[in-house]
Amino acid sequence: MRKKAVVLLSGGLDSATTLYFAKAKGFQCHCLIFDYGQRHKKEIASAKKIAQRAVCPWQVIKISLPWKGSSLLDKKLEIPGLDKTVSQSRNSTNSINSSNSSNSIPSTYVPARNIIFLSFALSWAEAIGAGNIFIGANAIDYSGYPDCRPEFYRALVRAVNLGTKAGVEGRGFSIFTPLIKMTKGGIIKLGTRLRVPYELTWSCYQGGRKPCGKCDSCNFRAKGFREARAADPLIGKLEVGS
């Protein structure tokens with residue numbers, strides 16, 4: 001009998017690669033997709049298509065964060081432009097193993113987002129008897145979010161195994177972050193071997209007809225495809241800032 005796992009699926013290339021990685025490892029994957037008031041629904045549509053292509057059951061959970069606190073939730077706030085986000089990302093990447101200062105974390109950070117998402121994932125996993133959670137967190141090519149660091153996940157595993165029935169009864173949870181120490185180029189190379197349908201993914205913080213090519217997420221995606229010496233199937237070879 002295959003092991004059950006809940007996979008957090010955002011519709012981006014990291015989460016899609018994580019899903020296909022978990023499947024390749026023999027897990028029976030259940031995909032959890034969040035509608036949390038983000039600026040656009042394109043990533044939700046992408047996540048559904050990826051789950052369907054992978055032949056995995058999925059659920060969309062709609063939650064409200066009325067206090068906002070992020071430019072991904074509040075359209076009155078401007079998403080940082082190219083120069084600012086690249087500078088912040090470099091500063092953050094150089095200090096992965098140290099605490100991030102508030103100045104190094106971009107406005108696209110959603111307060112406690114991964115903690116909230118993982119709480120839902122853990123609740124669903126416990127309800128269906130799944131002892132495994134997969135999330136596509138990355139601490140190398142990322143925006144400096146504190147909930148993408150390895151030490152956060154080590155601490156979280158300890159907490160959830162203390163605070164759940166499954167943990168108390170000795171059927172604790174494992175939280176897998178298979179991409180956490182990989183570059184974007186390395187992730188794309190892995191995903192290519194796993195036949196991840198990157199043409200279905202969406203990374204851009206904007207919800208336009210095609211990626212903006214200027215936001216933090218677009219720049220990391222473009223960097224990854226360049227490093228992997230591959231064309232992005234969404235747009236071909238996008239240059240940073242184009």
Side-chain angles (χ1 to χ4, degrees), residues 7-20 31-56 58-65 68-89 106-110 113 117 136 138 141-143 145 179 184-185 187-189 191-192 194-242:
V7 180
L8 277 72
L9 188 62
S10 69
L13 64 86
D14 289 352
S15 67
T17 304
T18 299
L19 170 60
Y20 274 73
C31 300
L32 191 57
I33 304 164
F34 288 94
D35 179 352
Y36 60 98
Q38 58 267 58
R39 280 177 175 248
H40 60 80
K41 307 298 183 186
K42 290 196 71 166
E43 63 182 23
I44 298 172
S46 291
K48 292 178 182 178
K49 292 175 184 176
I50 293 162
Q52 290 167 350
R53 177 72 64 87
V55 195
C56 292
W58 51 269
Q59 288 196 34
V60 176
I61 302 298
K62 186 176 179 62
I63 60 177
S64 175
L65 301 173
K68 300 186 185 301
S70 168
S71 59
L72 294 188
L73 301 174
D74 189 346
K75 291 185 178 180
K76 295 178 182 177
L77 301 176
E78 186 177 351
I79 289 179
L82 174 64
D83 294 339
K84 187 174 182 181
T85 53
V86 169
S87 174
Q88 288 173 328
S89 300
S107 68
T108 50
Y109 166 73
V110 178
R113 178 173 61 180
F117 289 178
N138 180 262
D141 285 338
Y142 80 131
S143 297
Y145 301 153
L179 312 184
K184 273 290 189 287
I187 292 168
I188 291 166
K189 288 178 181 178
T192 300
L194 294 173
R195 299 180 181 273
V196 176
Y198 285 132
E199 71 277 6
L200 300 181
T201 62
W202 184 263
S203 303
C204 183
Y205 289 146
Q206 307 286 1
R209 187 174 57 85
K210 60 182 181 179
C212 73
K214 296 180 179 180
C215 71
D216 201 10
S217 190
C218 277
N219 278 291
F220 279 126
R221 181 178 177 120
K223 176 178 179 287
F225 276 100
R226 284 198 305 273
E227 289 176 348
R229 298 185 178 181
D232 186 335
L234 283 183
I235 47 180
K237 292 184 177 179
L238 175 68
E239 293 298 327
V240 173
S242 64

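Each residue takes its place number in the sequence, starting with 1.
- Separation of atoms NE2 (H40) and CG (L72) is listed at 8.0 Å; rounding is to 0.5 Å.
- Among all heavy-atom pairs drawn from S203 and G12, the shortest one is OG-CA, 4.4 Å.
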Which atom pairs, one a donor and one an acceptor, fall under 3.5 Å between side chains of residues 45-52 and the rest of the protein, sequence neighbours left out?
{"unit_1": "S46", "atom_1": "OG", "unit_2": "K42", "atom_2": "O", "d": "3.1"}
{"unit_1": "S46", "atom_1": "OG", "unit_2": "L200", "atom_2": "O", "d": "3.0"}

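- Between Y198 and T17 there is a side-chain heavy-atom pair separated by less than 4.5 Å.
- The salt bridge (charged side-chain N to carboxylate O under 4.0 Å, His left out) search around D74 returns none, not counting sequence neighbours.
- Ring planes of F117 and F34: parallel class, angle under 30° (limits at 30 and 60°).
- Taking 4.5 Å as the limit, some side-chain heavy atom of N138 sits within range of a side-chain heavy atom of I187.
- Side-chain atoms of P197 and Y20, non-hydrogen and from C-beta on, do get closer than 4.5 Å to each other.
- Counting heavy atoms from C-beta on, the side chains of D14 and K184 come closer than 4.5 Å.
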Practice task
Carefully, step by step, assess I79 and T108 under the rule side chain to side chain contact (heavy atoms under 4.5 Å, CB included).
Solution key: CA-CA 7 Å; I79 289 179; T108 50; 4.3 Å; yes
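- Annotation: side chain of W202 is in contact with side chain of C204 (closest heavy-atom distance under 4.5 Å).
- The closest side-chain heavy-atom distance from Y205 to S71 is not below 4.5 Å.
- Shown here are the salt bridge (charged side-chain N to carboxylate O under 4.0 Å, His left out) partners of K62, two or more places apart in sequence or in another chain: D35.
- Once rounded to the nearest 0.5 Å, the distance linking CG of L179 with CG of L13 reads 9.0 Å.
- Considering CZ of R221 and CD1 of I188, their distance stands at 7.0 Å, rounded to 0.5 Å.
- Here CD1 of I44 is found 4.0 Å from CD of Q38. Values are rounded to the nearest 0.5 Å.
- From R53, atom CZ reaches atom CG of L19 across 12.0 Å, with rounding to the nearest 0.5 Å.
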Practice task
Kindly determine whether V110 and Y145 satisfy side chain to side chain contact (heavy atoms under 4.5 Å, CB included), including the steps that lead there.
Solution key: CA-CA 9 Å; V110 178; Y145 301 153; over 6 Å; no
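- With rounding to the nearest 0.5 angstrom, the CD1 atom of I33 is 9.0 Å from the OG atom of S15.
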